[in-house]
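To start, the structure under review is shown below, and the notes come after it.
Predicted model, so just to flag it, every value in this text is computed and none were measured.
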Amino acid sequence: MTRKNKQPRRKRRWFKDMQPIDYVLSAVGLCIGTAAALFPWHVYLNPDSYGPPRMAFSRGGVIPEAEIMALKSGNAIFDLGTGKFVMNDRRPPAVDPVTTGEISPNAVSGGDLKQAFPSNGARFEVLAVDASRALVGDSEGVYLIRPRSRLPDGTLAVAFERDDRGWHIVTSEEKVLRPN
């Protein structure tokens, strides 16, 4: 059984019933697709254009002729007696006149390395605590603290523990800090 009232389907003519904007969008899409397909090959074939920059040295890798001659002659470049360079084209380095200290390799440490840090008296407030982090705040801001982090008063947050009253911070001075 065939229908007699059947309307014929309209054939789509692909490039004839397109509007000008459709042509523009098609061309732009083809260009972007082609660039996306070819750019990785360009990077692969030209890696020197995309790598880190080469280091540039102050002299450009060229050793002055006077320095080469001084090295080949066997003469000293620096005279220890006078404290000056033998070559005239170089200035002596700036010497720091400050006296420096020395620690004997046999010296023994005089303090306890596991000693808790003293508090600096800074006031701060514990805002929130959970198993792995805490929020504390002082007059300068709010900080995210983790175990073994320094608190604003200079002590360390040794651990975050939970008891029947909730989470709290245990400090290196063995103080218990709870959120308000």
Side-chain angles (χ1 to χ4, degrees), residues 24-26 28-64 67 77-80 82-85 90-180:
V24 170
L25 290 176
S26 298
V28 169
L30 284 171
C31 290
I32 290 174
T34 303
L38 296 179
F39 183 69
W41 283 102
H42 185 265
V43 173
Y44 177 74
L45 296 173
N46 301 305
D48 50 334
S49 301
Y50 295 96
R54 293 204 173 261
M55 291 182 59
F57 296 99
S58 62
R59 293 190 292 192
V62 177
I63 300 173
E67 200 168 313
I77 296 174
F78 188 79
D79 185 11
L80 293 175
T82 61
K84 295 184 179 178
F85 281 97
R90 287 204 158 181
R91 292 178 295 164
V95 177
D96 188 6
V98 177
T99 306
T100 57
E102 181 180 312
I103 297 176
S104 170
N106 300 331
V108 179
S109 174
D112 181 15
L113 297 178
K114 296 192 188 258
Q115 176 181 354
F117 290 100
S119 171
N120 63 9
R123 307 241 341 123
F124 67 95
E125 181 181 357
V126 178
L127 303 173
V129 181
D130 69 6
S132 62
R133 59 191 180 265
L135 279 177
V136 296
D138 64 359
S139 61
E140 295 180 12
V142 177
Y143 307 101
L144 179 66
I145 303 294
R146 295 190 179 272
R148 307 295 302 159
S149 295
R150 184 150 327 271
L151 294 169
D153 67 350
T155 60
L156 291 177
V158 175
F160 301 146
E161 297 177 355
R162 186 176 193 170
D163 59 10
D164 56 344
R165 291 177 48 201
W167 288 98
H168 60 273
I169 301 173
V170 178
T171 68
S172 57
E173 293 181 346
E174 297 182 6
K175 284 197 266 182
V176 174
L177 306 173
R178 296 185 182 280
N180 294 338

(Q) Please give me the minimum heavy-atom distance between Asp153 and Lys175, naming the atom from each residue. (A) OD2-NZ, 4.3 Å
Q.
Could you report the tightest heavy-atom contact between Pro179 and Leu127, atom names first, then the distance?
A. CB-O, 3.7 Å
Q: Walk me through it: do Leu151 and Tyr143 pass the test side-chain contact (heavy atoms from CB on, under 4.5 Å)?
A: CA-CA 9 Å; Leu151 294 169; Tyr143 307 101; over 6 Å; no
Q: Just do the side-chain contact (heavy atoms from CB on, under 4.5 Å) check on Val136 and Val142 with the steps written out, would you?
A: CA-CA 6 Å; Val136 296; Val142 177; over 6 Å; no
**Q.** Pairing residues for Pro147 by the side chain to side chain contact (heavy atoms under 4.5 Å, CB included) criterion, not counting sequence neighbours
**A.** Phe160
**Q.** For Ser149, side chain to side chain contact (heavy atoms under 4.5 Å, CB included) partners two or more places apart
**A.** Ile145, Arg146
Q: Grab the two heavy atoms, one from Val129 and one from Ala134, that are nearest each other, plus how far apart they are.
A: CG2-CB, 4.0 Å
Q) Among all residues two or more places apart in sequence or in another chain, which pass the side chain to side chain contact (heavy atoms under 4.5 Å, CB included) test with Tyr50? A) Phe39, His42, Val43
(Q) Could you work out, with side chain to side chain contact (heavy atoms under 4.5 Å, CB included) as the rule, every residue matching Arg162, not counting sequence neighbours? (A) Trp167
Q | Nearest non-hydrogen partners of Val126 and Leu177, listed with the distance | A | CG2-CB, 3.7 Å
Q: Would you please name every residue forming a side chain to side chain donor-acceptor pair (under 3.5 Å) with Asp48, sequence neighbours left out?
A: none
Q) Closest approach of Glu125 and Asn180, non-hydrogen atoms and distance? A) OE2-ND2, 3.3 Å
(Q) Rounded to the nearest 0.5 Å, what separates atom OG1 in Thr171 from atom CG in Leu156? (A) 9.0 Å
Q. Do any pairs count as a salt bridge (Lys or Arg N to Asp or Glu O under 4.0 Å) and have a residue in residues 127-137, sequence neighbours left out, and if so which ones?
A. Asp130-Arg133
Q | Residue pair Arg178 / Asp163: nearest heavy atoms and the distance that separates them | A | NH2-OD2, 2.6 Å
